[in-house]
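Below is one structure, written out as structure tokens; the observations come after it.
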Number of protein chains: 2
Amino acid sequence: MKNEQEIKEFGLEVRRRRIALGLSQEQFAEISGLHRTYVSGIERGDRNPTIDIIFQISRALRCPPGALLSGE
Amino acid sequence: MKNEQEIKEFGLEVRRRRIALGLSQEQFAEISGLHRTYVSGIERGDRNPTIDIIFQISRALRCPPGALLSGE
DNA sequence: ATGTGACTCCTAGTCCGTA
DNA sequence: TTACGGACTAGGAGTCACA
């Protein structure tokens, strides 16, 4: 994988926003329709999600998808 | 795939920006390090690229990755 | 409540062509 | 110059048991 650092930052941003909403990974998994362990993997930067998944996540976080990819 | 419409908009945005840079798909493929047929598939919304690829594309387009996912 | 390794199934992504 | 098809390999989607 070529952009590990940016993928990790994406995961951390997801985590920040999830926590800001007062949700556990399990609660967020349910809302987003993803598996609990998959959410965990994303937040840790272990997964390389597709754009489809990114849209799902941004919807569950109630934020624009672009806001999660803050790199320049 | 759940977010076909948003994925198509992503592809169109990539196409707009590529053309704005005066590049052919082949030239852009070379710059971005992606395959020519894959670039074509992305612009047409046929593909569901990973976040890794999105970063690669945004770098080649010299724009922030978030700018390509303009959905709300 | 979360991290992790392992697993299956399916697709992301490459490469060859032709129109 | 681009769309699209077929075939292929690497790796993502989705899940589980366990720590």
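The chains referred to below are lettered A, B, ... by the order of the sequence lines, with proteins before strands, and numbering in each begins at 1. Computed over heavy atoms, backbone and side chain alike; hydrogens, waters and symmetry mates excluded.
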Between atom OH in B:Y38 and atom C1' in D:dG12, what is the gap in whole Å? 11 Å
Atom CD1 of A:I42 to atom C1' of D:dG12: distance rounded to whole Å? 10 Å
Rounded to the nearest 0.5 Å, how far does CG of A:N48 lie from CD1 of B:I51? 7.5 Å
Taking all non-hydrogen atoms of both residues, which atom of B:V39 and which atom of B:Q25 are closest, and how far apart? CG1-CG, 4.2 Å
Mark yes when over 12 heavy atoms from residues, nucleotides or ligands other than A:Q27 sit less than 6.0 Å from its CD; otherwise mark no. yes
Of the non-hydrogen atoms in A:R59 and B:N3, which two are nearest, and what is the gap between them? NH2-OD1, 2.8 Å
Mind listing the side-chain donor-acceptor pairs of residues 31-38 of chain B below 3.5 Å, one per line with the distance, residues two or more places apart or on another chain?
residue : atom : partner : partner atom : Å
B:S32   : OG   : B:F28   : O            : 2.8
B:S32   : OG   : B:A29   : O            : 3.3
B:S32   : OG   : B:L34   : N            : 3.4

Euclidean distance, atom CD of residue B:E30 to atom P of D:dT1 [Å, nearest integer]: 12 Å
Quick one: B:D52 CG to D:dA13 P, roughly how many Å, whole number? 12 Å
If you compare every side-chain N and O of A:T50 against the phosphate oxygens of C:dT11 (OP1, OP2), does one of them come in below 4.0 Å? no
Tell me the interatomic distance from A:E4, atom CD, to D:dG12, atom P, rounded to whole angstroms. 11 Å
With sequence neighbours left out, write down each residue that passes salt bridge (Lys or Arg N to Asp or Glu O under 4.0 Å) with A:R47, or none if nothing qualifies. none
For residues 15-28 of chain B, which residues have at least one heavy atom under 4.0 Å from DNA chain D? B:R15, B:R18, B:S24, B:Q25, B:E26
Mapping B:G41 and B:K2 to their closest nucleotides on DNA chain D, which lands nearer the 5' end? B:G41
Take the C1' atoms of the five end pairs on each side of the helix from C:dT2-D:dA19 to C:dA19-D:dT2, get both axes, and report the angle to 10 degrees. 40°
Listing time: all N or O pairs from protein to nucleotides 16-18 of chain D that are below 3.5 Å?
residue : atom : partner : partner atom : Å
D:dC16  : N4   : A:T37   : OG1          : 3.1

Show the numbers, then the answer: is there a side chain to side chain contact (heavy atoms under 4.5 Å, CB included) between A:I57 and A:I53? CA-CA 6 Å; A:I57 290 176; A:I53 298 287; 3.9 Å; yes
Could one point to a donor on the side chain of A:R47 or the base of D:dG11 with an acceptor on the other under 3.5 Å away? no
Can you find a pair of side-chain heavy atoms, one from A:C63 and one from A:L68, that are under 4.5 Å apart? yes
Is there any salt bridge (charged side-chain N to carboxylate O under 4.0 Å, His left out) pair reaching into residues 7-16 of chain A, and which pairs are they, with sequence neighbours excluded? A:E13-A:R16, A:E13-A:R17, A:R15-A:E43
A:I54 with A:L21, same ILVMFWY side-chain cluster at under 4.5 Å: yes
Please give, in whole Å, the distance from D:dT2 C1' to B:D46 CG? 13 Å
Length of the CG-P vector between A:N3 and D:dG12, whole Å: 12 Å
Starting at atom CG of A:N48, determine the distance to atom P of D:dG12, rounded to an integer number of angstrom. 5 Å
